[in-house]
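Small disclaimer: the values here were computed from a predicted structure and weren't measured.
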Amino acid sequence: MHERTHRKPSPPKAAAAPVRAGRPTREQARARQEALLDCALVHFLEKGFEAATIEAIAADVNMTKRTVYARYADKTALFRAAVCRGTERLAATQDVISATRADDLKETLVNIAKLRIALVSTPEGTKLQRLINTESYRFPDIFQTYYDIAALPTVQFLAGILEVETAAGRLAIDDPLLAANVFMSMVVSGPVRFILSGNDLGREDIDRRVRFAVRLFLKGAEPR
């Protein structure tokens with residue numbers, strides 16, 4: 001007969017801790033928030049403000065309408081937040097802006113102009129600018145939001161360059177910030193309007209237009 005060994009019974013295995021269905025972590029909440037804004041932006045870019053609906057956006061991001069309304073009071077608030085999100089995603093970083101600086105002032109201005117034009121040359125950049133242009137009569141603040149986030153850092157960078165060039169006697173500009181804004185209107189806005197209208201503008205055409213406008217700007221800014 002085999003001797004029976006007496007083993008101490010093993011303690012019962014602890015049941016797996018149930019997944020708590022409580023409040024999400026900060027990271028999860030941020031990810032959900034970004035997903036909502038990204039989804040809303042796609043809807044607004046594709047359909048416009050009027051045709052986009054909270055119901056469709058909520059369904060696409062697997063949220064209830066109540067959850068969306070808990071975050072944003074109405075479609076207008078969600079629209080503004082989505083436009084801000086899209087603008088932040090497209091805006092050039094300070095490092096990218098600073099990299100436009102060249103040894104030659106004219107080349108620096110050409111690089112700055114091309115950087116701004118490139119922002120609206122991407123499919124999403126074009127759609128976002130068209131949406132802002134279309135809806136800014138209804139929401140004037142979204143134009144200011146776009147300017148503050150996407151344009152102002154570059155304008156301020158350019159203003160600093162113009163101020164240095166004026167101090168060195170190579171230019172005569174008494175209001176560098178205003179001159180930088182005028183530069184954007186004069187050199188950048190033309191090609192941008194052409195692109196937004198659906199016309200094809202190749203690199204050579206952009207380069208030719210930008211260089212011509214830069215020469216005119218510098219000529220007007222020369223010391224007298």
Side-chain angles (χ1 to χ4, degrees), residues 23-97 99-100 112-157 181 184-185 188-189 191-201 206:
R23 183 174 295 180
T25 66
R26 185 175 300 177
E27 291 75 16
Q28 289 171 331
R30 183 170 60 247
R32 289 289 281 161
Q33 174 77 0
E34 291 175 353
L36 171 59
L37 291 179
D38 287 343
C39 180
L41 180 63
V42 170
H43 277 252
F44 289 127
L45 290 178
E46 296 296 332
K47 303 175 183 179
F49 176 79
E50 285 291 349
T53 66
I54 293 290
E55 290 84 355
I57 294 168
D60 273 3
V61 80
N62 293 320
M63 281 185 182
T64 64
K65 283 173 57 180
R66 173 182 284 184
T67 302
V68 176
Y69 281 123
R71 296 167 185 258
Y72 299 99
D74 52 28
K75 188 169 75 169
T76 295
L78 179 59
F79 174 72
R80 287 189 168 107
V83 167
C84 183
R85 166 86 170 156
T87 303
E88 288 171 343
R89 204 162 59 192
L90 287 170
T93 65
Q94 196 59 52
D95 286 345
V96 170
I97 295 171
T100 60
I112 288 173
K114 287 183 177 180
L115 175 62
R116 292 292 303 136
I117 294 169
L119 284 179
V120 298
S121 297
T122 63
E124 187 171 338
T126 300
K127 289 178 181 178
L128 181 61
Q129 190 66 65
R130 285 174 178 162
L131 179 66
I132 291 171
N133 290 349
T134 301
E135 300 295 344
S136 58
Y137 80 95
R138 192 198 320 256
F139 309 109
D141 54 291
I142 64 172
F143 183 85
Q144 188 65 47
T145 295
Y146 182 86
Y147 174 81
D148 290 343
I149 296 173
L152 185 57
T154 306
V155 168
Q156 291 173 328
F157 176 75
N181 276 296
M184 293 300 178
S185 296
V188 177
S189 294
V192 165
R193 282 196 298 271
F194 203 81
I195 292 169
L196 293 179
S197 67
N199 290 288
D200 184 30
L201 198 58
I206 291 174

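Shown here are the side chain to side chain contact (heavy atoms under 4.5 Å, CB included) partners of Ser185, two or more places apart in sequence or in another chain: Ser189. Listed by chain and residue number, nothing satisfies the salt bridge (Lys or Arg N to Asp or Glu O under 4.0 Å) test with Glu27 (two or more places apart in sequence, or in another chain). Listed by chain and number, the residues in a side chain to side chain donor-acceptor pair (under 3.5 Å) with Arg71 are Gln33 (sequence neighbours excluded). Under the rule for a salt bridge (Lys or Arg N to Asp or Glu O under 4.0 Å), the partners of Asp38 that lie at least two apart in sequence or sit in another chain are Arg85, Arg89. Taking the salt bridge (Lys or Arg N to Asp or Glu O under 4.0 Å) definition, one finds that Arg80 meets it with Asp141, sequence neighbours left out. By the side chain to side chain contact (heavy atoms under 4.5 Å, CB included) test, Ile117 is found to be paired with Ser121, Val188, Pro191, Val192, Ile195, Ile206, Val210, residues two or more places apart in sequence or in another chain being considered. Looking at residues two or more places apart in sequence or on another chain, you find a ring-ring contact (aromatic ring centres under 6.0 Å, His included) between Phe44 and Phe79. Applying the salt bridge (Lys or Arg N to Asp or Glu O under 4.0 Å) test to Glu34 and every residue at least two apart in sequence or in another chain returns nothing. Under the rule for a side chain to side chain donor-acceptor pair (under 3.5 Å), Asp74 has no partner lying at least two apart in sequence or in another chain. Not counting sequence neighbours, Lys75 has no partner by the side chain to side chain donor-acceptor pair (under 3.5 Å) test. For Tyr69, there are no side chain to side chain donor-acceptor pair (under 3.5 Å) partners at least two apart in sequence or on another chain.
Between Ile112 and Met184 the shortest side-chain heavy-atom distance falls below 4.5 Å. Residues Leu131 and Tyr146 form no side-chain contact, since every pair of their non-hydrogen atoms from C-beta on lies 4.5 Å or further apart. Side chains of Arg32 and Leu36 form no contact here, defined as non-hydrogen atoms less than 4.5 Å apart. The closest side-chain heavy-atom distance from Tyr147 to Asn181 is below 4.5 Å.
Between Ile57 and Cys39, the shortest heavy-atom contact is O-SG, 3.7 Å. What you find for Leu152 and Asp148 is that their closest heavy atoms are CB-O, 3.6 Å. Considering all non-hydrogen atoms of both residues, Ala150 and Thr87 come closest at CB-CG2, 3.9 Å. Contact detail for Ala77 and Ala73: the closest heavy-atom pair is CB-N, 4.1 Å. When all heavy atoms are compared, the tightest approach of Ala40 to Ala82 is CB-CB, 4.2 Å.
Using a 3.5 Å distance cut-off with no hydrogens or angles, the side chains of Asn199 and Ser197 do pair a donor with an acceptor.
Within the structure, the salt bridge (Lys or Arg N to Asp or Glu O under 4.0 Å) test picks out the following pairs touching residues 129-139 (sequence neighbours left out): Glu50-Arg138, Glu135-Arg138.
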Dump the intermediate steps for side-chain contact (heavy atoms from CB on, under 4.5 Å) on Phe139 and Val83, then the final yes or no. CA-CA 11 Å; Phe139 309 109; Val83 167; over 6 Å; no
